[in-house]
Asks: 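Just passing along the structure, written as structure tokens.
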Amino acid sequence: MAQTRPAWETQILAQLEQREVRVATVSKVIESYNRLAGKVGEFANHSREVEARSRELQGEHERMFENYQHGAGTGMGNVRGTTLAQQRINDLEREVETLKEERSALYRTQGTNAQRLLDLSDKMRENDERLRQQELEISDSHEALRRSSNKISDLQDTLKEKDGTIQILQDEMSALQLEIVQIEERCGRLQAENDDLVKRWLKKMNEEAEKVNEVTLELEQIRRKSTALSPQMGTAMFDDDRFFGLSPMSAQNGGSVAPRSAVGKIDARMEELHSIALSRNGELLAVGGHSTTVKVFDAATGDSIYSLTGCLKGVNHVEISTDGSMLLAASSDNTARIWKLDTGRHWKSLSGHIGSVVTAKFSTDASRVFTYSQDRTVKVWDTQRGLCTKTLFTVSSCHDIDVLDSAGSRIVTAHMDNSIRVWDTASGKKLREAAIHKEQVMSVCANRSGTRILTNSCDGTLKLVDASTLDVLTVMSAAGYRPSRNWARASLSPDERFAMAGSIDGKLYIWDVNSGDLVRTLDIHKSPVCDALWDPTGMRVYSAEKSRYIMILQ
């Protein structure tokens, strides 16, 4: 295949060819001029000869005229000769005039050609100057080409060296890959051994938990039989420090009320409380905290019903399913667990997060569970199978989640970047987000229809938000209200008339949701309030403080 010339070389050759064409054209013009100049010279010589001859004829004419005058009297014999001479003189004069006109025309042509020659000479000088510049450019281009060739040669040498280095690195990488494969195989064997050990250990722990639950159930049955046999003995079991003076709940519920005072106290017997939950019928109260045990109390009497074991670390959040059959707990051991409340036995472990599970929620029909972990993911679980069906990556750290519809197809999350976000749990896509607070959002609480969301933030405000647009409907705040960071959940009353949240100073604040006005402040706790909620009738409030106690308010 013929070697392709570079573009610059092709351009220079084309310019040289154009220069040769122009030079050939100028040469032809010069040659034509020279031929014309020769003819002009010939005509000039001929003109001079004609002028000399004309002068001779003029002299001869004058002589003949003189002779004519002198011999005028000689007669008619000379008249004829004189007439012929005069005719000859006239012919010569016309010829002289014609030659003069031709000479003038030749002079004009000579002047035109001279001017044209000057123009062509100027163009020749310009072309010579341009050619000189192009030759300089060609010289510079050759020098640049030489430098580029040298640079290419150096780069080729460098490339060869790098190819050699790459080959060495590839050999080393191959060796490392083989080593990685061997390490992965060892890790796989170790992981299998570890999984087997964990399964055996969990099995043992579950067996021990079942034994403890069986003993607890037997003791509870014995206690209930004893209480049935001796009501007086049953009531004597509650001292003033645990429970006092509960007034019966009104059967005629005319709507939620803002509590005025404490009417009872439950001792959870934990070093630190994190979360409480009520069953939908208001009969059971679940408590989770720093302890690895979740405790379940009779909400009306304060009696302990179950101590649910299985968690390896503290419990961050508890939730009771809508039908009251299951209890869900989010634990710092990276797992969420489910217990059956009819037997008090551990049922499912939802494992898959790589960070502490902060919160967990049931869907309305309890067919799905939603968990959020410090690994910044929300996982959707199939409750029956205990399998993760979807993982949502929240990017920003999250404090709380809540479900917006009965099917659990949409959830809302509270984030540290001052925003709340709504998610589609089927696709895992974010539907909406809004930065509605000045500081991080600590909790979100949706009403039963999922149309409105109550938020609680470190900026000291609660906000009621439209779930479909995330527009703020009401802003609630109070002088002295300061949430207690991780223990800062707020709740709505069942009829959505009131909002309630506890402060770090132990006070409980209640607002009117519609107006945003503060309705009441209750100073009843000695440590930060971690959770507070209404019972299903809206006539009673359960408020948990960080250290040990749960207050019952009416």
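This structure is a prediction, so every number in the text was calculated from the model and none was measured. All heavy atoms count here, side chains included; hydrogens, waters and symmetry mates do not.
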Asks: Under 3.5 Å, is there a donor on one side chain and an acceptor on the other for Q167 and D171?
Replies: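 Their side chains do contain a donor-acceptor pair, which is all the 3.5 Å distance test asks for.
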Asks: Atom CZ in F362, atom OG in S321: separation rounded to 0.5 Å?
Replies: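 One finds 5.0 Å between CZ of F362 and OG of S321.
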Asks: Roughly how far, to the nearest 0.5 Å, is the CD atom of Q170 from the CD atom of Q177?
Replies: 10.0 Å
Asks: Side chains of I552 and R540: closer than 4.5 Å at any heavy-atom pair?
Replies: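 Heavy-atom side-chain distance check passes, below 4.5 Å.
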Asks: Can you find a pair of side-chain heavy atoms, one from K379 and one from T391, that are under 4.5 Å apart?
Replies: yes
Asks: Go through it in stages, so that I can follow the logic: the residues are V380 and L392, the test is side-chain contact (heavy atoms from CB on, under 4.5 Å), and I'd like the CA-CA distance, side-chain angles, deciding distance and then a yes or no.
Replies: CA-CA 8 Å; V380 184; L392 285 65; 4.2 Å; yes
Asks: Quick one: CD on E433 to OG1 on T394, what's the gap to the nearest 0.5 Å?
Replies: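 Result: 11.5 Å between the selected atoms.
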Asks: Give a yes or no answer on whether the side chain of D535 reaches the backbone of G282 with a donor-acceptor pair at less than 3.5 Å.
Replies: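 No: the side chain of D535 does not pair with the backbone of G282.
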Asks: Report yes or no: do H346 and T309 form a side-chain donor-acceptor pair below 3.5 Å?
Replies: no
Asks: Is it true that atom CZ of R482 has more than 12 heavy atoms of other residues, nucleotides or ligands lying nearer than 6.0 Å?
Replies: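 No.
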Asks: Are D333 and R337 ion-paired here, with the side-chain N under 4.0 Å from a carboxylate O?
Replies: yes
Asks: Is there a donor-acceptor contact under 3.5 Å linking the side chains of T461 and H437?
Replies: yes
Asks: To the closest 0.5 Å, what do you measure between CD1 (I276) and SG (C530)?
Replies: 7.0 Å
Asks: Are L553 and S543 close enough that some pair of their side-chain heavy atoms sits under 4.5 Å apart?
Replies: yes
Asks: Tell me, do M326 and K348 make a side-chain contact under 4.5 Å, heavy atoms counted?
Replies: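 They are not in contact (no side-chain heavy atoms under 4.5 Å apart), so the answer is no.
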Asks: Would you indicate whether the side-chain heavy atoms of R421 and S396 approach each other to under 4.5 Å?
Replies: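 They are in side-chain contact.
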Asks: Between K463 and D459, is there a salt bridge with N-O shorter than 4.0 Å?
Replies: no
Asks: Are there more than 12 heavy atoms of other residues, nucleotides or ligands under 6.0 Å from atom CZ of R260?
Replies: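 Atom CZ in R260 is not packed in, count stays at 12 or less.
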Asks: Are D323 and R280 within salt-bridge range, i.e. N to O under 4.0 Å?
Replies: no
Asks: Do T371 and W381 get their side chains close enough for a donor-acceptor pair, meaning under 3.5 Å?
Replies: yes
Asks: For the side chain of S275 and the backbone of G288, is there at least one donor-acceptor N/O pair under 3.5 Å apart?
Replies: no
Asks: Check the side chains of S332 and N316 for a donor-acceptor pair under 3.5 angstrom, ignoring hydrogens and angles.
Replies: yes
Asks: Would you say D382 and T389 are linked by a side-chain donor-acceptor pair, where the criterion is simply a distance under 3.5 Å?
Replies: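 There is no such pair between these side chains.
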Asks: Under 4.5 Å between any side-chain heavy atoms of T425 and R368, yes or no?
Replies: yes
Asks: Rounded to the nearest 0.5 Å, what separates atom CH2 in W339 from atom OH in Y306?
Replies: 13.5 Å
Asks: Within the structure provided, determine whether H399 and H415 are in side-chain contact (heavy-atom separation under 4.5 Å).
Replies: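 Of all side-chain heavy-atom pairs linking H415 with H399, none is under 4.5 Å.
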Asks: Under a 3.5 Å distance rule, please check whether S373 uses its side chain to pair with a backbone N or O of G355 as donor and acceptor.
Replies: yes
Asks: T359 side chain to H317 main-chain N or O, any donor-acceptor pair under 3.5 Å?
Replies: no
Asks: Any luck finding a side-chain donor-acceptor pair between S397 and R376 under 3.5 Å?
Replies: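 Side chains of S397 and R376: pair found under 3.5 Å.
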Asks: For E179, I'd like to know if atom CD has over 12 heavy atoms of other residues, nucleotides or ligands within 6.0 Å.
Replies: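 Open: at most 12 neighbouring heavy atoms sit under 6.0 Å from CD of E179.
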Asks: Taking the basic N atoms (NZ, or NE/NH1/NH2) and the acidic carboxylate oxygens, is any pair closer than 4.0 Å for K429 and D424?
Replies: no
Asks: I'd like to know whether CG of L178 has more than 12 heavy-atom contacts from other residues, nucleotides or ligands below 6.0 angstrom.
Replies: yes
Asks: For S307 and K295, indicate whether the former's side chain and the latter's backbone hold a donor-acceptor pair under 3.5 Å.
Replies: no
Asks: So do W347 and T383 actually touch side chain to side chain, heavy atoms under 4.5 Å?
Replies: yes
Asks: Could you give the distance from OH (Y372) to CG (D400), rounded to the nearest 0.5 Å?
Replies: 11.0 Å
Asks: Without swapping roles, check the side chain of S527 against the backbone of S547 for a donor-acceptor pair under 3.5 Å.
Replies: yes
Asks: Compute the ring centroids of W423 and F370, then answer whether they are less than 6.0 Å apart.
Replies: no
Asks: Can you name the nearest heavy-atom pair linking V513 to M476, along with the distance?
Replies: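 Closest approach of V513 to M476: CA-SD, 4.3 Å.
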Asks: For K526, does the NZ atom sit with more than 12 other heavy atoms under 6.0 Å from it, leaving out its own atoms?
Replies: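 Atom NZ in K526 is not crowded, with 12 or fewer foreign heavy atoms closer than 6.0 Å.
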